[in-house]
There are 2 protein chains.
Amino acid sequence: MKGFLSFLVLWLISKKNMTGAEITEELEQRRGHRPSPGTIYPVLKYLTNKELLKVDENKKYSLTKKGEEELDMSLNQFFDTFCDVDEMRRHCHCHRK
Amino acid sequence: MKGFLSFLVLWLISKKNMTGAEITEELEQRRGHRPSPGTIYPVLKYLTNKELLKVDENKKYSLTKKGEEELDMSLNQFFDTFCDVDEMRRHCHCHRK
DNA sequence: AATTATTTATCGGATTTCCGATAGATTTAA
DNA sequence: TTAAATCTATCGGAAATCCGATAAATAATT
């Protein structure tokens with residue numbers, strides 16, 4: 001529950017506060033398949049319990065201060081791992097049909 | 001076994017043919033922790049069985065034609081999911097201490 | 001050649017991750 | 001105000017993921 005999906009959810013919510021349904025929709029757009037309700041709601045609950053997300057009266061999730069810090073750390077980790085992301089993109093684009 | 005680790009291994013080997021030990025080393029550099037032998041060798045076996053990798057007499061792994069195609073597809077998927085990777089990086093860097 | 005160190009490989013199991021089914025809650029439409 | 005549709009939430013279980021322990025194979029050192 002603390003894998004790539006959590007990371008992606010934090011990132012998406014950092015860009016725009018969203019409800020569970022909106023997050024589901026956005027994930028489907030990006031990944032090409034829709035996460036099941038049994039996937040996304042437990043993730044949101046987990047992140048809320050960890051106080052990385054908070055939710056308002058309209059069920060819109062937003063990052064807490066702690067969530068922003070966690071996101072920053074995860075982004076750093078991400079770019080450590082994918083330090084050559086520009087090269088990845090070039091490789092990707094030059095092979096595009 | 002077909003998750004992010006496989007993707008990363010394919011990418012690393014596409015840049016440079018490596019042995020299991022060298023891949024382990026490179027992953028440790030990037031991620032900050034060393035994958036256990038019980039993790040990395042099954043992944044290499046899995047990718048070899050799927051004919052995405054081949055291995056020479058010195059145990060150096062390299063991509064097969066099929067492996068290159070798989071990598072291309074995975075890279076496309078990656079950049080679909082992280083379509084705003086530049087924004088991610090900016091966000092990341094501007095928060096760096 | 002014998003010993004030691006390193007690398008490769010397998011195995012069983014612990015944990016994580018994710019899903020489909022189900023149900024309750026909320027919203028929308030009739 | 002019902003009825004229908006959508007959203008939210010939980011549950012149990014299936015599958016994926018990863019590890020540590022162990023052992024076999026290979027390489028390096030003495």
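Below, chain A is the first sequence line, B the second, and so on; all start at residue 1.
Residue-level contact check: B:Phe4 touches neither bases nor backbone, having no heavy atom under 4.0 Å from any strand. Among the atoms of the strands shown, only primed sugar atoms or phosphate atoms (P, OP1, OP2) are found under 4.0 Å from some heavy atom of A:Tyr61.
Counting only residues at least two apart or on different chains, the salt bridge (Lys or Arg N to Asp or Glu O under 4.0 Å) pairs with a member in residues 33-42 of chain B are B:Glu25-B:Arg34, B:Glu28-B:Arg34. Screening residues 10-38 of chain B for ring-ring contact (aromatic ring centres under 6.0 Å, His included) gives A:His91-B:Trp11 as the qualifying pairs, with residues at least two apart or on separate chains. Identified under the salt bridge (Lys or Arg N to Asp or Glu O under 4.0 Å) test for residues 46-58 of chain B, with sequence neighbours left out: none.
Between the P atom of C:dT26 and the OH atom of A:Tyr41 lies a distance of 13 Å, rounded to the nearest Å. Between B:Leu5 atom CG and D:dC18 atom C1' the separation is 9 Å, expressed in whole Å. Look at OH on B:Tyr46: it is 18 Å from C1' on C:dT10, rounded to the nearest Å. Remark: P of C:dT7 and CD1 of B:Ile40 are 14 Å apart, rounded to the nearest angstrom. Rounded to an integer number of Å, the gap from NZ of A:Lys45 to P of D:dC11 is 7 Å. When the P atom of D:dA27 is taken as reference, atom CD of B:Glu57 falls 11 Å away, rounded to whole Å. One interatomic measurement links the two molecules: CZ of A:Arg34 to P of C:dC18, which rounds to 16 Å at whole-angstrom precision.
By the salt bridge (charged side-chain N to carboxylate O under 4.0 Å, His left out) test, B:Glu70 is found to be paired with no residue, residues two or more places apart in sequence or in another chain being considered. Qualifying salt bridge (charged side-chain N to carboxylate O under 4.0 Å, His left out) partners for A:Lys15, counting only residues two or more places apart in sequence or in other chains: B:Asp84, B:Glu87. Checked against salt bridge (charged side-chain N to carboxylate O under 4.0 Å, His left out), B:Glu69 has no partners two or more places apart in sequence or in another chain. Taking A:Glu68 as the reference, nothing meets the salt bridge (charged side-chain N to carboxylate O under 4.0 Å, His left out) condition, with sequence neighbours excluded.
Put simply, CZ on A:Phe78 and CG on A:Leu8 are 9.0 Å apart, with the number rounded to the nearest 0.5 Å. Here the CD1 atom belonging to B:Ile13 is positioned 10.5 Å from the CG atom belonging to B:Leu52, to the nearest 0.5 angstrom.
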Hey, what are the protein-to-nucleotides 20-25 of chain D N/O distances that come in under 3.5 Å?
| from | atom 1 | to | atom 2 | distance (Å) |
| --- | --- | --- | --- | --- |
| D:dG20 | N7 | B:Ser36 | OG | 3.2 |

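Distance from the side chain of A:Lys59 is smallest to D:dA9 among D:dA9, C:dC18, C:dA9. Comparing D:dT10, C:dT10, C:dC19 against the side chain of A:Pro35 picks out C:dC19 as the nearest.
Contacts between residues 14-33 of chain B and DNA chain C, defined by a heavy-atom separation below 4.0 Å, involve B:Thr19, B:Gly20, B:Ala21, listed by number.
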